[in-house]
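Source: prediction; values computed, not measured. We're numbering straight along the sequence, starting at 1. Numbering of ligands and ligand atoms starts at 1, following listing order.
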Amino acid sequence: MRILVVGGGGREHAITWALRREHPDATLYVAPGNPGTATLATNLPIGATDLDRLADAADAYGIDLVVIGPEAPLAEGLADRLRAEGRLVFGPSRAAAQVEASKAFSKAVMERAGVPTAASRTFTDLAAALAYVAAHAEPLVVKASGLAAGKGAVVCATRAEASATVEAMLGDGKFGEAGKVVVIEEFMQGEELSLLAITNGEGIVCLPAAQDHKRLGEGDTGPNTGGMGAYAPVAIATPALLARARQDVLVPMLRQLAAEGAPYNGVLYAGLMIGPDGSIKVVEFNCRLGDPETQVVLPLVKRGLTECLYAVAKGQAPTPLELEAGAAVTTVLAAEGYPDTPKKGAPITIPATLPEGVTVFHAGTTQDADGTLRASGGRVLTITAVAPTFAEAQARSRAAAEAIQFPGKVWRRDIGWREAARLD
Ligand code: AMP
Ligand code: GLY
């Protein structure tokens, strides 16, 4: 078994950790990886979007499975390229990755598939977009259609704010190419759920449902981020709700993508809004595992992940996963200035002993020659705790997140607050 994981964030550390846990003897490479993955695998100094060198490395190292973590290489066609060269790949084609890379495409496919989602319109023209804002009720959500690292959706309480956001994207070029097409949609009330479906386009095996915390501040306030923490499983994701999500969202979306010449293979991430009445609507699709959701869902897979990834990469139906009984909570530690202008270089201190069941996943770190770890990205570390109960997992993740120090550390102490309130 010779597996190459593409990417270098917390998600890829968690993927590598999960593969290593199942297969202590496998030969694992990560490109580019990070100081965390270096403890489990061989890091290759190749960027996640350097398609030529990744293809060469897959050849040179005799890789039999490539697992692609981030959206950027998927959107650029890495999976197509490797498959054309005869390699097994876990991750969708460039065409199918548009479910994430183009929100305009994603909304159009949802509409044709009859998948429930917020009413929306897509614009490239500033005046037309402003006229639409003026004619619609507050609040409104304005989204850059292209890839924006989870920061391209702005929930606008007022029309004035929505207009200013539209101006910034279509007028001033904030978000660059990604913001040249803008989706404006109605605001949906409710609670979010991340449902990660492993699929060959027909068979579906869902990972435990997770909940992310997209806002920077405690109590879900402040700007959207890539995600400040997550937990799984989520009590509102009952078997009945999951069955409806499969039937009303996953199955029709996969069918429609296939019908449109973009059959899906990999993980389809459905970001769902569960309304107060139990209704399910899609907030977004992503073409990959979530970050930081991966850091809670993979530690809950007891057995079967590697086999499942190989099966799907071969085009076969995903094989079943055996799950742990407990709960997982992960707390993100971000750099000072995140999400706008994260500062690099802060030295990190991790205590020698952390609470039981805690794993520290590296997201944006570098290591000096003397072993000193430093913050090098927006999200620096994600601290996962697995425990028999949600409350214990939450307490341990928080305690470990508190104990790990670096100057300017930005983090939320309230990861899982909705679940905690439910279980009170
Ligand atoms: P997206 O990039 O589309 O996932 O949006 C990022 C985040 O913005 C979501 O996870 C939600 O928290 C929020 N959001 C996006 N669209 C909506 C919407 N229509 N209604 C309410 N919240 C939304
Ligand atoms: N945590 C949200 C995402 O991965 O897009």
Side-chain angles (χ1 to χ4, degrees), residues 7 9-12 14-15 69-72 74-75 97 99-107 110 116-122 136-157 162 165 169 175 178-179 182-196 207 209-217 219-232 267-276 279-298 330-332 334 339 361 363 378-379 382 415 418:
R11 166 183 47 218
E12 288 76 28
I15 293 169
E71 60 276 17
L74 292 164
V99 295
E100 173 169 7
S102 166
K103 288 190 192 290
F105 169 87
S106 191
K107 295 294 288 196
M110 280 187 250
T117 184
S120 75
R121 278 273 296 277
T122 297
H136 282 78
E138 301 168 342
L140 283 165
V141 185
V142 179
K143 300 182 178 184
S145 176
L147 295 178
K151 297 158 208 160
V154 185
V155 178
C156 303
T165 307
M169 290 182 186
F175 296 111
V182 164
V183 174
I184 306 177
E185 64 181 34
E186 66 173 337
F187 178 79
M188 295 182 285
Q189 292 286 355
E191 183 163 350
E192 286 179 73
L193 208 58
S194 302
L195 188 57
L196 277 49
L207 289 155
Q211 191 166 75
D212 187 12
H213 297 58
K214 296 252 165 67
R215 301 295 193 107
L216 182 68
D220 294 335
T221 54
N224 268 329
T225 69
M228 295 300 292
Y231 67 94
V267 175
L268 181 63
Y269 168 138
L272 305 175
M273 188 69 81
I274 311 304
S279 63
I280 299 175
K281 284 187 182 177
V282 173
V283 180
E284 63 163 348
F285 284 108
N286 291 321
C287 62
R288 47 163 178 88
L289 289 164
D291 189 343
E293 288 93 330
T294 305
Q295 293 90 306
V296 288
V297 298
L298 293 190
T330 201
T331 303
V332 170
F361 292 117
R379 292 184 290 178
T382 74
I415 302 306
R418 290 173 189 273

Any non-hydrogen atom of Gln189 lying under 4.0 Å from ligand 1?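 Heavy atoms of Gln189 never come under 4.0 Å of ligand 1.
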
Identify the two heavy atoms, one from Arg215 and one from Thr225, that lie closest to each other, and give their separation to 0.1 Å.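 Minimum heavy-atom contact is C-CG2, 4.3 Å.
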
Going by the atom numbers of ligand 1, which of them fall below 4.0 Å from some non-hydrogen atom of [X]?
X	result
Lys103	1 (P), 2 (O), 3 (O)
Val141	15 (C), 16 (N), 17 (C), 18 (C), 19 (N), 20 (N)
Glu192	9 (C), 10 (O), 11 (C), 12 (O)
Met273	21 (C), 22 (N)
Glu185	16 (N), 17 (C), 18 (C), 19 (N)
Lys214	10 (O)
Lys143	3 (O), 15 (C), 16 (N)
Met188	18 (C), 19 (N), 20 (N), 21 (C)

salt_bridge(Glu185, Lys281) N-O dist < 4.0 Å: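 Between Lys281 and Glu185 there is no salt bridge, as every charged N stays at least 4.0 Å from the carboxylate O atoms.
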
How far apart are the C-alpha atoms of Met169 and Val154, what are their side-chain angles, what is the distance that settles it, and do they pass the side chain to side chain contact (heavy atoms under 4.5 Å, CB included) test? CA-CA 11 Å; Met169 290 182 186; Val154 185; 4.2 Å; yes

Mind checking whether [X] contacts ligand 1 via backbone (N, CA, C, O), side chain (CB onward), both or neither, at a 4.0 Å heavy-atom cut-off?
X	result
Glu284	side chain
Glu186	backbone
Asn224	side chain

With the side chain counted from C-beta on, respond yes when Thr382 and Thr331 share a heavy-atom pair under 4.5 Å apart, and no when they do not.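 With C-beta onward as the side chain, the pair stays apart.
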
Quick one: does Phe187 get an N or O within less than 3.5 Å of an N or O on ligand 1?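 No, Phe187 has no N/O under 3.5 Å of an N/O on ligand 1.
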
Which protein residues come within less than 4.0 angstrom of ligand 2, counting heavy atoms only?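 Residues near ligand 2: Asp212, Lys214, Gly226, Tyr269, Asn286, Arg288, Gly290, Asp291, Pro292, Glu293.
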
Out of Val154, Val155, Leu272, whose heavy atom is nearest to atom 13 (C) of ligand 1?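 Ranked by closest heavy atom to atom 13 (C) of ligand 1, first place is Val155.
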
Tell me every residue that passes salt bridge (Lys or Arg N to Asp or Glu O under 4.0 Å) with Glu138, counting only those two or more places apart in sequence or in another chain.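 Glu138 satisfies salt bridge (Lys or Arg N to Asp or Glu O under 4.0 Å) with no other residue.
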
Take atom CD in Glu191; do more than 12 heavy atoms of anything else shown fall under 6.0 Å from it?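 Yes - once you tally the heavy atoms of other residues, nucleotides and ligands closer than 6.0 Å, there are more than 12.
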
Can you pull out the closest protein heavy atom to atom 6 (C) of ligand 1? Residue, atom name and distance to 0.1 Å, please.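 Result for atom 6 (C) of ligand 1: Ala153 CB, 3.6 Å.
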
